[in-house]
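Take a look at the following structure, please.
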Amino acid sequence: MRWSKALIPTHKEDPSHAETTSHKLMLRAGLIRRLTSGVYNYLPLGWRVVRKVEAIVREEMDRIGCQELLMPVVSPAELWQETGRWDVYGKELWRVDDRNGRQFALGPTHEEVVTDIVRNEVRSYRQLPFTLYQIQTKFRDEIRPRFGVVRAREFIMKDAYSFHRDEDSLDETYKAMYDAYCRIFDRCDLSYRPVEAATGAIGGSASHEFMVLCDTGESEVIVCECGYAATDERAEGLIADIMPVEDPLPMEPVDTPGMRTIEDVSEFLGVEPWRLIKTIVYVADGEPVVALIRGDRDINEEKLAGLLGASMVEAAPPGVVERVTGAPVGFAGPIGLSGVRLMVDRSVEPLTNVVVGGNAVDIHIRNVNPGRDFITDDYCDIAMIGKDDLCRKCGKVMGSFRGIEVSQVFKLGTKYSDSMKATFLNENGKAMPFVMGCYGLGVSRTVAAIIEQHSDEYGIKWPMSVAPFEVEVLAVKFRSEEVREVSERLYDDLKAAGVDVLLDDRHDSPGVKFKDADLIGIPIRVTIGERGLKSGTLEIRMRKTGEQRDLPIDGAAAEIARIVEEARA
RNA sequence: CGGGGCGUGGCGCAGCCCGGUUAGCGCGCCUGCUUUGGGAGCAGGAAGUCGGAGGUUCGAAUCCUCUCGCCCCGACCA
């Protein structure tokens, strides 16, 4: 490609509305342009990178025996209603109507569609297992798109779905996919970490996310030196017990007029928040549930939903709270409740003489003792992880880092095959639901993640494996016949050698061309100028290390092609 | 959805508070000449319904009302 003919619109100044490194550089280097909030054009340079990443993904998917296919972006509402996700997915599911008012979803993920294919086409256990994948534009109507393509409403994703006769077979593919993902991110030269993850709206029994380490990342990961790593939504920890040993005192109701929050009550009664029990009423798939946790901690709704086996858990509306507790919001407590399931976090167990809501207006109760004043069958973990929590595996204090979630894999089990009645016949002729796994990888997000980890104050430093071009031939003073001739010959020779090469043949001043070269970050820059030509040399410079040296013009193309070959992943 | 901010040639911004010639600046773009190893110089030039609608006024980029869009923080969320 010749720069003079290419659409590579670079900018000298940072765009005013971009905050993160990758967002700024993708705009400045002419990789992307915003069309509207959370929706981007991929310009030629950006698209070349996307294609390189896709190629790596395809190679690694094909290597473990996956088959590529393409499903439609648009799918009918009925399919989503079969699994209940038409309602569960919420506003993030981008819905559209056709001219007859029929409803459709723009696919955010394709479990329903792929399961529909498989239930119609696959009959026998002999055909199992297999994995289908696609690379496609996905839609999620994000509540707040941000950071350029990192959280976009329209983005490019690789999604794969595996089908099995049993859990063992799923485990095998899950492991193979996990390993393939490691190879993909290694080849993209990313520093990443797989971590245990929550399953969220996709559902299923186990899940990992691959996190690219990055301070501006949106996700928080909890890690322990023993090797434990999980997202903050998923992480389990031991909440340090700070309750001193006390003798239980008799319960005592107290007037707390208008004191509805932990903060209010804590201040009003002069007790620390951890000496209160927070009581929250939820509605889980239509059923009210009461959750208890130490007053200074928060409930993790994700964990609560998991333990209840519910697909949707949300804070109960005031009406439900009143019906369940007999009091308006702000005075709920565990004492005297009946006919409602009680979920008690482990942090409550060691508490003595604490304050709870009195289930009556303007009343709280002091000196409540779990086990004596209310009973639970079992203490569970429904706590949002906290800063000083200890590792459950080794007991040490855990740390955290921030990251960009570039992919997530799930063991779905039969969640979708059950609700969509997707079955195969086993050896005994019995209809069994497919056991499924699904495996997403954000391609466009991966591109941004690579930039986050590979840039400096001057611009991007592409790894060879994903660079839009492998070599840039920078002709200083392209008007000079000698320079032009050598540049053109090198350009042709490199192309002939199968190297992706960009020739900067613009009639601009050297400064402009050097700055642009640094900005777009092609791994190898070859500078051809009158200065070097006098001694029969050209200069080769590595963007990543800054290392540079002169090469004799004769044989330069072969030498450069060799270096490129060596650096390809 | 709550809070904050911003919409002025392609990009980055000034002007607005305190209304008053043809709305400016830097970069970019076009033409010509010179220049060519780290964002060149000179000369000439094109390009803006000041986000949109309504209002106040003799007069609105500027004041008022409504509206649309964009960004940030939060809530939320594979």
Side-chain angles (χ1 to χ4, degrees), chain A residues 7 9-20 23-24 27-28 30 33-39 85 88-93 107-111 138-148 151 153 155 157 159 197-204 207-211 216 218-219 231-234 298 301-302 305 311-315 404-410 412 438-442 445 458-459 474-480 482-484 504 506-519 525-534 537-539 541 546 548 550:
Chain A
L7 181 63
T10 58
H11 284 311
K12 205 162 164 177
E13 293 168 279
D14 273 342
S16 61
H17 48 267
E19 299 289 319
T20 56
H23 192 192
K24 284 183 196 165
L27 289 164
R28 279 192 60 204
R33 287 293 182 262
R34 192 192 68 216
L35 181 59
T36 186
S37 179
V39 178
R85 286 212 291 183
V88 172
Y89 217 109
K91 288 189 167 173
E92 215 174 299
L93 186 63
T109 175
H110 282 236
E111 286 80 11
K138 291 286 190 283
F139 294 83
R140 290 181 194 179
D141 194 0
E142 295 285 351
I143 199 163
R144 181 147 91 86
R146 62 186 117 176
F147 305 146
R151 181 166 293 272
R153 297 197 292 173
F155 58 98
M157 178 164 130
D159 45 323
T199 52
I202 304 267
S207 177
H208 286 85
E209 290 178 10
F210 284 74
M211 292 288 182
T216 59
E218 285 193 281
S219 309
T231 62
D232 59 350
E233 293 168 336
R234 157 85 188 192
D298 293 313
E301 294 175 18
E302 189 92 37
S311 54
M312 189 157 54
V313 166
E314 50 188 1
I404 297 176
E405 175 199 339
V406 286
S407 73
Q408 186 166 12
V409 296
F410 299 84
L412 295 174
C438 78
Y439 318 88
L441 189 156
R445 185 178 276 191
Y458 304 107
L474 193 158
V476 177
K477 197 174 172 185
F478 195 68
R479 285 187 204 284
S480 146
E482 217 190 341
V483 169
R484 191 165 63 234
D504 191 350
R506 295 175 299 172
H507 293 162
D508 278 299
S509 71
V512 170
K513 299 170 89 163
F514 285 126
K515 291 288 184 192
D516 270 346
D518 289 342
L519 179 60
R525 186 186 81 194
V526 180
T527 306
I528 297 172
E530 288 176 318
R531 202 168 75 185
L533 293 188
K534 287 191 183 110
T537 62
L538 40 76
E539 175 200 282
R541 180 184 171 92
Q548 69 178 58
D550 290 341

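Proteins get letters first, then strands, A, B, ... in listed order; numbering begins at 1 in each. Scope of the values below: all heavy atoms of this structure, side chains included, with no hydrogens, waters or symmetry mates.
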_Shortest side-chain distance from A:H17, nucleotide among B:C72, B:G38, B:G12_ = B:G12
*Under-4.0 Å side-chain N/O to phosphate OP1/OP2 contact, A:S37 with B:C71*: yes
*For B:U49, the Watson-Crick or wobble partner whose two distances fall under 3.5 Å*: none
*asked:* Any base atoms under 4.0 Å from A:E13, or only sugar-phosphate, or nothing? Heavy atoms, all strands.
replied: base
*Would you say A:S509 reaches B:U36's phosphate, i.e. side-chain N/O to OP1/OP2 under 4.0 Å?*
no
*Separation of the C1' atoms in B:G45 and B:C58, to the nearest angstrom*: 37 Å
*Roughly how far apart, to the nearest Å, are B:U56 and B:U62 at atom C1'?*
13 Å
*If you look at every strand shown and take non-hydrogen atoms under 4.0 Å, does A:R506 touch a base, only sugar-phosphate, or nothing?*
nothing
*Roughly how far apart, to the nearest Å, are B:C50 and B:U35 at atom P?*
44 Å
*Sticking with atom C1', work out how far B:G15 lies from B:G7, rounded to a whole angstrom.*
15 Å
*Ion pair present between A:E13 and A:R28, side-chain N to carboxylate O less than 4.0 angstrom?*
no
*Please give, in whole Å, the distance from B:U36 P to A:K513 NZ?*
14 Å
*For the residue pair A:S219 and A:E209, confirm or rule out a side-chain donor-acceptor distance under 3.5 Å.*
no
*asked:* Suppose you measure atom P in B:A14 against the same atom in B:U22; what distance do you get, rounded to whole Å?
replied: 24 Å
*Under 4.0 angstrom, heavy atoms only, what part of the nucleic acid is A:R34 near: base, sugar-phosphate, or nothing?*
sugar-phosphate
_Taking any heavy-atom pair under 4.0 Å as a contact, classify A:P9: base, sugar-phosphate, or nothing._
nothing
*Quote, to the nearest angstrom, the P distance that separates B:G48 from B:A23.*
12 Å
*asked:* Any side-chain N or O of A:S16 below 4.0 angstrom from OP1/OP2 of B:C13?
replied: yes
_Under 4.0 Å between a side-chain nitrogen and a carboxylate oxygen: does that hold for A:E302 and A:R234?_
no
*Taking it one step at a time, do A:F210 and A:Q408 satisfy side chain to side chain contact (heavy atoms under 4.5 Å, CB included)?*
CA-CA 6 Å; A:F210 284 74; A:Q408 186 166 12; over 6 Å; no
_Using Watson-Crick or G-U wobble geometry with both distances under 3.5 Å, which nucleotide pairs with B:G2?_
B:C73
_If the cut-off is 4.0 Å, is A:T36 near the phosphate of B:C70, judged by side-chain N/O to OP1 or OP2?_
yes
*Is A:R146 near enough to B:C72 that one of its side-chain N or O atoms lies under 4.0 angstrom from OP1 or OP2?*
no
*Describe the nucleic acid contact of A:R445 in one word from base, sugar-phosphate, nothing, applying a heavy-atom distance below 4.0 Å.*
nothing
*When all nucleic acid strands are considered with a 4.0 Å heavy-atom cut-off, which category describes A:R28: base, sugar-phosphate, or nothing?*
base
_Work out how far the C1' atom of B:U57 is from that of B:G12, and round it to whole angstrom._
34 Å
*Indicate whether the side chain of A:E111 and that of A:T109 have a donor and an acceptor atom separated by less than 3.5 Å.*
yes
*With heavy atoms under 4.0 Å as the rule, sort A:E142 into base, sugar-phosphate or nothing.*
nothing
*Rounded to whole angstrom, note down the C1' distance from B:C13 over to B:A61.*
15 Å
*A:R144 side chain: which of B:G74, B:U36, B:G37 is closest?*
B:G74
*Got a donor-acceptor contact below 3.5 angstrom from the A:K513 side chain to the A:R506 backbone?*
yes
*RNA chain B: 5'-proximal contact among A:H11 and A:P108 (nearest heavy atom)*: A:H11
